[in-house]
Amino acid sequence: MSRSCPECQGSLATERIETVCTDCGLVVADDPLDRGPEWWACDADERERTGAPLTRSRHDRGLSTEIGRSTRVKGRKRRRLARMRRQHDRARIASKTDRNKVYAFTEIRRVVGQLSLPYSVRDQACALFSSAQDESLLRGRSLEGFAAAAVYAVCRTNNVARTVGEVVAVARADRNELRAAYAAMNRDLGLPVGPIDPREYLPRFATELDLPPALERRARALLDDLAVSGKNPSGVAAACLYAAARDTDHAVTQADAAAVADVTPVTLRSTYRALD
DNA sequence: ACGATTATTGCGTTCTT
DNA sequence: AAGAAAACAATAATCGT
């Protein structure tokens, strides 16, 4: 399969079932082939891969037993079942750290869903949160902040950049909580994050501004010969898109371009002026 | 704590209708 | 002429070191 992303022409990567653009994070296709575990295999090695599908995004990796709620069971027996279910659920998340994990994973799932990011990001974010918890980085910092920061950090390491603002907008944490958590993880866990390449923002911003791929390529060219040191990468990307779009029939105002990048028009202008 | 970058606000200017 | 957009300046806030 050698297709490219319909939104941004970026390259695609297939991860289990969904196919994801490596540039903009768009989930492109549902692969009809299930690359999940085999269910029919009979020899010993293969049999280890049976069972419920594992996922990092549940604190018990998806391995759990539920006590059903049958409507056909009535009266005393029904109440007994309810009590068993309650006890079972409590036993399942016994420790405090496990309870935190449940809450954090739920939040991570929610944020990842709201940002329509691929499952791989979700699972990595959950794994990252677990690492942070193991290093007891949570002490004195907010759980929600760590959940949001984990998603943000994984986005950065996977080169599907989201701005802090975009994450905070849907998270149950504010900017400071995310920053505190992110700083702690970056310091003590040593996240493999370099400076953000403004190119990562181009495809997404271009579609948000209704700009054709041709203009995106023009912006990319502008970006290639531009010294960007110490400048807000999303602002730089927006400036290049604006520069590429002006003088065309797809003209975009500075205010609009700045808005999709979550910066002010002044910031956009500062790099736009350095573009000549 | 410091220096550089960015946000915010306000204002006179330029371009379009 | 009116209104929007781009430009400019000053100050406050913020980030990386």
Side-chain angles (χ1 to χ4, degrees), chain A residues 111 115 125 128 132 135 137-142 144-202 204-212 215-216 218-219 221-276:
Chain A
V111 171
L115 296 173
L128 180 58
E135 298 294 319
L137 299 179
L138 298 203
R139 182 158 304 207
R141 292 186 266 260
S142 89
E144 294 88 345
F146 269 92
V151 174
Y152 171 72
V154 170
C155 283
R156 282 192 63 162
T157 60
N158 284 21
N159 298 330
V160 285
R162 302 290 118 126
T163 64
V164 180
E166 287 171 308
V167 177
V168 165
V170 300
R172 283 194 230 280
D174 61 29
R175 231 183 184 81
N176 293 328
E177 290 176 305
L178 191 155
R179 244 195 359 230
Y182 180 76
M185 288 195 288
N186 202 13
R187 177 161 31 80
D188 294 354
L189 257 39
L191 301 174
V193 289
I196 301 175
D197 188 341
R199 268 172 279 266
E200 292 176 29
Y201 289 114
L202 280 184
R204 213 154 37 87
F205 289 175
T207 64
E208 281 185 53
L209 290 171
D210 285 322
L211 296 178
L215 282 183
E216 187 200 322
R218 255 175 85 177
L222 287 175
L223 207 44
D224 280 332
D225 41 38
L226 179 66
V228 284
S229 58
K231 290 211 188 302
N232 182 348
S234 69
V236 173
C240 288
L241 280 171
Y242 167 76
R246 69 163 306 154
D247 305 330
T248 73
D249 46 344
H250 290 88
V252 166
T253 69
Q254 294 183 351
D256 288 341
V260 300
D262 204 14
V263 296
T264 60
V266 182
T267 305
L268 185 150
R269 253 194 309 278
S270 75
T271 53
Y272 167 64
R273 299 206 65 206
L275 222 50
D276 306 314

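Proteins come first, then strands; the chains are lettered A, B, ... in the order of their sequence lines, and each starts at number 1. Everything numeric here is computed off the predicted structure, so don't read it as measured data.
- Atom CZ of A:Arg179 is separated from atom P of C:dT14 by 8 Å (rounded to the nearest Å).
- Rounding to whole angstrom units, NZ of residue A:Lys231 and C1' of B:dT5 are separated by 7 Å.
- Within a 6.0 Å sphere centred on CZ of A:Arg139, other residues, nucleotides and ligands contribute 12 heavy atoms or fewer.
- The distance from atom CZ of A:Arg273 to atom C1' of C:dA6 is 11 Å, rounded to the nearest whole Å.
- For the pair A:Ala255 and A:Pro265, the tightest heavy-atom approach, listed with the atom from each and the gap, is CA-CG, 4.1 Å.
- With values rounded to the nearest 0.5 angstrom, A:Leu209 atom CG is found 8.5 Å from A:Thr253 atom OG1.
- Atoms CZ (A:Arg269) and C1' (B:dT8) sit 12 Å apart, rounded to a whole Å.
- With A:Asn158 contributing its side chain and A:Val160 its backbone, the two residues share no donor-acceptor pair below 3.5 Å.
- We find that CG of A:Leu268 is positioned 17 Å from P of B:dT5, with the value rounded to whole Å.
- Here the P atom of nucleotide B:dT14 and the CD atom of A:Gln254 are 16 Å apart, to the nearest Å.
- Within the nucleic acid shown, A:Val266 comes within 4.0 Å of at least one base atom, counting heavy atoms only.
- Regarding A:Arg246, its CZ atom lies at a distance of 13 Å from the P atom of C:dA5, rounded to whole Å.
- Looking at heavy-atom distances under 4.0 Å, A:Thr264 makes contact with a base.
- If you take CG of A:Asp174 and P of C:dT14, they are 12 Å apart, rounded to a whole angstrom.
- When the side-chain nitrogen and oxygen atoms of A:Tyr242 are compared with OP1 and OP2 of C:dA6, one or more of them lie within a distance under 4.0 Å.
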